[in-house]
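If you read the sequence from its start, that first residue is 1, and numbering goes on from there.
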Amino acid sequence: MLKMIDLQKFAVDASEGLAATGTTLAISTDNKAFTPIAGIKTTPDIGADPETIDVTDLSDTKKKSVAGIQNTQNLAFSCVYKGSNFSSLVSQGDGQTQYYWKVTFPDGLTATFQGSFTLKIENVAVNGAMGFTITVVVSDGPDFGTPSAPAPSK
């Protein structure tokens, strides 16, 4: 006898908020085949703030601004050093070669961007985990994809 399983019980429901557990970072050279990077501990704020353009003239009594182009900051990802996750990136992190990046959140929301990167070993302390930082200089993006697990209607 075959027992039916309700797969919806396993879907991520972000309607009450979303835990970050399961968030991944992956890298690609061709924007098709992405390789996950193990040991990601933190992700930075991802997005871009617009520059402001001052359009105040001498008849204004208060400063006026309009939104200009978006200013994307460097993205620094903190990682737990696991040996192979660091060594697999060392030869690629020249700060010049462009790679494609994808952050995937537990509900399927993605943030994709392109950029070069460098590596930095984080401070080391007694009784502390060794870590490193991947700093991506964003040259294009970020662009956000739609979550794959829509929140259920109430």
Side-chain angles (χ1 to χ4, degrees), residues 5-54 63 65 67-154:
I5 298 174
D6 182 3
L7 294 177
Q8 289 301 316
K9 289 182 180 180
F10 299 99
V12 176
D13 177 5
S15 62
E16 299 296 326
L18 185 64
T21 304
T23 299
T24 61
L25 172 65
I27 186 172
S28 172
T29 57
D30 62 5
N31 205 20
K32 293 180 179 128
F34 282 85
T35 303
I37 297 171
I40 300 301
K41 190 167 42 172
T42 64
T43 66
D45 294 346
I46 299 175
D49 296 321
E51 296 279 343
T52 55
I53 299 171
D54 185 351
K63 186 175 179 176
S65 299
I69 61 173
Q70 292 185 353
N71 182 7
T72 303
Q73 302 297 316
N74 293 346
L75 301 177
F77 297 86
S78 181
C79 307
V80 174
Y81 179 88
K82 296 183 179 231
S84 62
N85 65 344
F86 183 82
S87 62
S88 68
L89 296 170
V90 167
S91 64
Q92 297 172 303
D94 62 10
Q96 298 175 12
T97 306
Q98 296 290 302
Y99 294 93
Y100 298 93
W101 300 86
K102 183 189 294 186
V103 176
T104 305
F105 298 95
D107 66 348
L109 171 69
T110 59
T112 56
F113 47 95
Q114 188 175 355
S116 61
F117 75 98
T118 57
L119 299 172
K120 175 175 61 175
I121 297 290
E122 295 174 355
N123 64 40
V124 180
V126 172
N127 203 31
M130 191 165 163
F132 67 97
T133 301
I134 303 168
T135 302
V136 180
V137 177
V138 178
S139 61
D140 189 23
D143 298 305
F144 295 100
T146 307
S148 59
S153 58
K154 290 190 176 192

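- Test Leu75, Thr112, Ile46, Ile40 against Val103 for side-chain contact (heavy atoms from CB on, under 4.5 Å) and you get one pass: Ile46.
- Residues Asp49 and Asn71 are not in side-chain contact: their nearest non-hydrogen atoms beyond the backbone lie 4.5 Å or more apart.
- Here the side chains of Leu109 and Thr146 are not in contact, with every heavy-atom distance at 4.5 Å or above.
- Every side chain to side chain donor-acceptor pair (under 3.5 Å) that Asp54 has, sequence neighbours left out, goes to Thr56.
- Contact detail for Pro142 and Phe113: the closest heavy-atom pair is CA-CB, 4.0 Å.
- For residues 29-48, no residue pair satisfies the ring-ring contact (aromatic ring centres under 6.0 Å, His included) rule, not counting sequence neighbours.
- Remark: Thr43 pairs with no residue by the side chain to side chain donor-acceptor pair (under 3.5 Å) rule, at least two apart or across chains.
- In terms of the side chain to side chain donor-acceptor pair (under 3.5 Å) criterion, Gln92 has no residue partners (sequence neighbours excluded).
- Sorted by first then second residue, the side-chain hydrogen bond (donor to acceptor under 3.5 Å, both in side chains) pairs that include residues 21-38, not counting sequence neighbours, are Ser28-Asp30.
- Listed by chain and residue number, nothing satisfies the side chain to side chain contact (heavy atoms under 4.5 Å, CB included) test with Asn123 (two or more places apart in sequence, or in another chain).
- The stretch residues 115-141 participates, sequence neighbours left out, in these ring-ring contact (aromatic ring centres under 6.0 Å, His included) pairs: Phe86-Phe132, Tyr99-Phe117, Trp101-Phe117.
- Ala48 is linked by a side chain to side chain contact (heavy atoms under 4.5 Å, CB included) to Gln70, Thr72, counting only residues two or more places apart in sequence or in another chain.
- Identified under the side-chain hydrogen bond (donor to acceptor under 3.5 Å, both in side chains) test for residues 133-143, with sequence neighbours left out: Gln98-Ser139, Glu122-Thr133.
- For the side chain to side chain donor-acceptor pair (under 3.5 Å) test, no residue two or more places apart in sequence or in another chain qualifies with Thr118.
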